[in-house]
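One structure below.
A, B, ... follow the sequence lines: proteins, then strands. Residue 1 opens every chain. From a predicted model like this one, the values you see are computed outputs, not experimental measurements.
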Number of protein chains: 2
Amino acid sequence: MGNIHDIARIAGVSAATVSRVLNDHPYVSAEKRKAVLDAAEQLHYEKNINAVHLARGKTDIIGVILPFASHPYFGSILSGIASAAEKNGFKLMIAQTNYDVNQEIDALNMLKLKQVDGLIITSRECPIDVVKDYSTFGNVVVCESWSGHQMSSVFVNQYEAFKEALHYFLQKGHAKIGYSVLRMDGKSSTARRKAYEEVFGFVRKDWIFDRALTIEDGTRLAGEWANLDDRPTAMLITNDFVAAGFILECRRLGFTVPGDVSVIGFDNHPISAPLGITTVDLPLHELGKIAFEQAIAAGNRSHQEVPFTIVERESV
Amino acid sequence: MGNIHDIARIAGVSAATVSRVLNDHPYVSAEKRKAVLDAAEQLHYEKNINAVHLARGKTDIIGVILPFASHPYFGSILSGIASAAEKNGFKLMIAQTNYDVNQEIDALNMLKLKQVDGLIITSRECPIDVVKDYSTFGNVVVCESWSGHQMSSVFVNQYEAFKEALHYFLQKGHAKIGYSVLRMDGKSSTARRKAYEEVFGFVRKDWIFDRALTIEDGTRLAGEWANLDDRPTAMLITNDFVAAGFILECRRLGFTVPGDVSVIGFDNHPISAPLGITTVDLPLHELGKIAFEQAIAAGNRSHQEVPFTIVERESV
DNA sequence: GCTTGCTCTGAAATGCGTTTCATACTTTAC
DNA sequence: GTAAAGTATGAAACGCATTTCAGAGCAAGC
């Protein structure tokens with residue numbers, strides 16, 4: 001193996017010249033270039049990337065914070081980020097946080113430690129002000145509606161999307177509408193609640209369903225819904241996985257969809273098509289790509305909204 | 001900010017002592033420890049992790065190669081790896097390869113470059129012999145049946161699992177069994193084909209369905225199945241996502257499951273429960289954890305088989 | 001003929017923390 | 001009271017590549 005100085009010695013040049021050859025810098029004579037390449041070959045030389053990172057002061061690595069790697073919502077965003085990273089010669093460091101603040105902080109610290117050049121936060125538990133303070137150490141991108149000059153953001157307008165879905169229900173004759181969220185106090189839940197109040201002038205606690213993220217949650221939700229004395233006739237559900245669990249369990253319980261209850265999901269996950277779930281399409285892969293671009297953007301922070309569209313199927 | 005030498009100067013000690021304090025080494029007097037901590041505080045000191053990696057010769061980072069980050073099969077494994085990594089204070093570097101050999105090589109090179117201490121290959125396109133050669137640069141773990149001393153492996157016995165599923169079908173009275181795979185020439189496909197031949201003494205090309213990974217593939221598969229003159233009465237399907245797409249499309253086409261065609265999926269993905277898909281449960285999260293343990297294991301390589309179990313539901 | 005501007009090269013500084021080695025002082029141990 | 005063991009600390013080497021600066025040599029421009 002050996003290092004750059006060994007190569008220099010064997011090739012009879014300086015370490016600087018070796019570095020130039022290895023990095024395709026101009027101004028190296030053909031013969032020295034060859035001598036260096038031969039020596040490198042002979043030594044089976046491999047760069048120590050840590051030395052490179054140290055010397056350059058950057059790593060070409062972007063960190064990604066996501067609560068659950070196995071959930072399709074985050075998986076899609078991650079996939080988008082990864083595609084873009086690959087195209088740009090960047091590597092990805094991921095931190096699965098489980099919405100644990102300590103783990104989030106731990107991941108954020110990668111910025112301080114110069115382990116990553118930028119960081120994408122797909123979702124968080126940690127207060128935004130804490131996150132913000134890390135922006136002095138590198139680009140921070142949040143996947144949520146946020147405006148400010150310290151960080152970039154890329155997001156779906158949750159408020160508008162939710163509102164549009166509600167109006168869709170209204171237009172289809174529904175007046176009793178319930179909805180589910182992942183975390184009652186989460187950012188997008190607040191937007192949803194606000195949209196609901198905007199449209200109806202009130203919210204009914206028993207029509208809001210909490211902790212809904214997975215298919216199993218959807219199944220549970222169906223039971224909770226069925227147990228209500230006064231059931232909503234329409235449900236606006238966190239995502240298509242939850243919607244799938246909800247619909248399938250409702251049917252198992254003897255209800256019909258959309259007969260007894262109409263459903264709109266979010267994400268337009270592939271499962272929604274064969275199940276005929278009407279859903280709000282969110283371009284998550286694209287969102288991931290944009291997040292990556294923002295993460296490597298030099299200097300300029302930006303705020304980008306990605307569009308949503310309602311995909312009409314048979315669950316309403 | 002500043003570095004360790006600045007701290008040393010301010011605290012009136014040597015850099016070595018600063019390093020000792022920062023790494024909780026013993027043999028530092030209480031007063032010097034305090035002086036160092038105060039100076040570090042004052043300077044808002046943060047370590048440059050790249051220098052640490054360079055000096056230590058390791059990074060506490062494990063690389064993960066996976067073809068598609070957004071697919072639940074790989075998502076589950078990744079999630080298992082990530083849990084274990086977090087518990088052990090390791091970070092994860094991921095490379096989404098799309099089964100592109102160049103990207104796989106690129107990821108493998110992280111080992112040579114000392115960017116990662118070990119590497120987990122959840123699935124690959126690249127020849128195993130090429131992969132093997134990288135094992136001199138760090139622990140390599142493959143998630144497939146492989147025996148040899150260079151690398152560790154953790155896997156489900158695809159051959160046995162497939163065989164057991166076939167026998168399950170046979171026992172339920174099925175003699176015409178088709179199956180789907182992701183890649184005809186993939187490692188597990190070979191095992192499946194072998195198992196099939198073992199049981200039946202032949203394989204029918206038109207009963208083997210290729211390129212089946214996603215829900216959409218399942219939908220397509222249903223069409224292909226329906227178009228056959230001589231249709232299998234049972235299908236052993238790549239995974240539960242494909243099975244879901246297949247079953248739902250079959251029903252849409254007017255067939256019944258398990259009336260016209262029985263189905264067994266793989267993975268025991270949450271979607272299989274509400275859809276009543278009989279499936280071969282694979283402990284993917286656990287497999288990920290084991291892969292991680294192997295990746296950080298000092299010296300000793302191991303080969304671990306994880307168990308599968310058939311989960312009986314209503315699709316057979 | 002002289003200046004300007006390339007091309008090419010190496011010494012040395014830079015980025016930064018860890019670890020070994022040597023040294024010196026204290027405590028125990030017998 | 002002396003040897004052995006432990007505590008405490010710093011200088012210097014080590015891990016390794018990049019980049020700036022200075023300088024030499026040579027060709028083109030006027």
query: Along nucleotides 15-22 of chain D, 5' to 3', which nucleotides get a B, which get an S, and which get a -, given that the test is a protein heavy-atom distance under 4.0 Å?
result: BBBBBB--
Would you mind reading off the distance between [X] atom [atom1] and [N] atom [atom2], rounded to a whole angstrom?
| X | N | atom1 | atom2 | answer |
| --- | --- | --- | --- | --- |
| Asp6(A) | dC14(D) | CG | C1' | 13 Å |
| Leu113(A) | dG15(C) | CG | P | 18 Å |
| Ile7(A) | dG10(C) | CD1 | P | 14 Å |

Just list the side-chain donor-acceptor pairs under 3.5 Å for residues 289-304 of chain A, sequence neighbours left out, or say none.
| residue | atom | partner | partner atom | Å |
| --- | --- | --- | --- | --- |
| Gln294(A) | NE2 | Ser153(A) | O | 3.0 |
| Gln294(A) | NE2 | Ser302(A) | O | 3.4 |
| Gln294(A) | NE2 | Ser302(A) | OG | 3.0 |
| Arg301(A) | NE | Gly299(A) | O | 3.2 |
| Arg301(A) | NH1 | Gln150(A) | O | 2.3 |
| His303(A) | ND1 | Trp146(A) | O | 3.0 |
| His303(A) | ND1 | Ser153(A) | OG | 2.7 |
| His303(A) | NE2 | Gly148(A) | N | 3.4 |
| His303(A) | NE2 | Gly148(A) | O | 2.7 |

task: Any pair with a residue in residues 21-60 of chain B that passes ring-ring contact (aromatic ring centres under 6.0 Å, His included), sequence neighbours left out, goes on the list, sorted by first then second residue, please.
output: none
message: Can you pull out every ring-ring contact (aromatic ring centres under 6.0 Å, His included) where at least one residue sits in residues 108-131 of chain A? Sequence neighbours excluded, please.
response: none
- prompt: Is the shortest distance from a Lys or Arg side-chain nitrogen in Arg124(A) or Glu144(A) to a carboxylate oxygen in the other one below 4.0 Å?
  reply: yes
message: Suppose we screen for ring-ring contact (aromatic ring centres under 6.0 Å, His included). Which residues come up paired with Phe68(B), at least two apart in sequence or across chains?
response: Tyr99(B)
Can you give me every donor-acceptor pair (side chain of residues 80-95 of chain A, partner residue at least two apart or in another chain, under 3.5 Å) with its distance?
| residue | atom | partner | partner atom | Å |
| --- | --- | --- | --- | --- |
| Ser83(A) | OG | Ser79(A) | O | 3.0 |
| Asn88(A) | ND2 | Ala84(A) | O | 2.7 |
| Lys91(A) | NZ | Asp106(B) | OD2 | 3.0 |

task: Give every residue pair that meets the side-chain hydrogen bond (donor to acceptor under 3.5 Å, both in side chains) criterion with at least one member in residues 55-65 of chain A, sequence neighbours excluded.
output: Lys58(A)-Asp60(A), Thr59(A)-Asp117(A)
N/O donor to acceptor pairs below 3.5 angstrom from side-chain atoms of residues 1-15 of chain B, sequence neighbours left out:
| residue | atom | partner | partner atom | Å |
| --- | --- | --- | --- | --- |
| Asn3(B) | OD1 | His5(B) | N | 2.8 |
| Asn3(B) | OD1 | Asp6(B) | N | 3.2 |
| Asp6(B) | OD1 | Arg9(B) | NH2 | 2.6 |
| Asp6(B) | OD2 | Asn3(B) | N | 2.9 |
| Ser14(B) | OG | Ala16(B) | N | 3.4 |
| Ser14(B) | OG | Thr17(B) | N | 3.3 |
| Ser14(B) | OG | Thr17(B) | OG1 | 3.4 |

task: Give me the residues of residues 26-35 of chain B where at least one heavy atom lies under 4.0 Å from an atom of DNA chain D, by number, or none.
output: Tyr27(B), Val28(B), Ser29(B), Lys32(B)
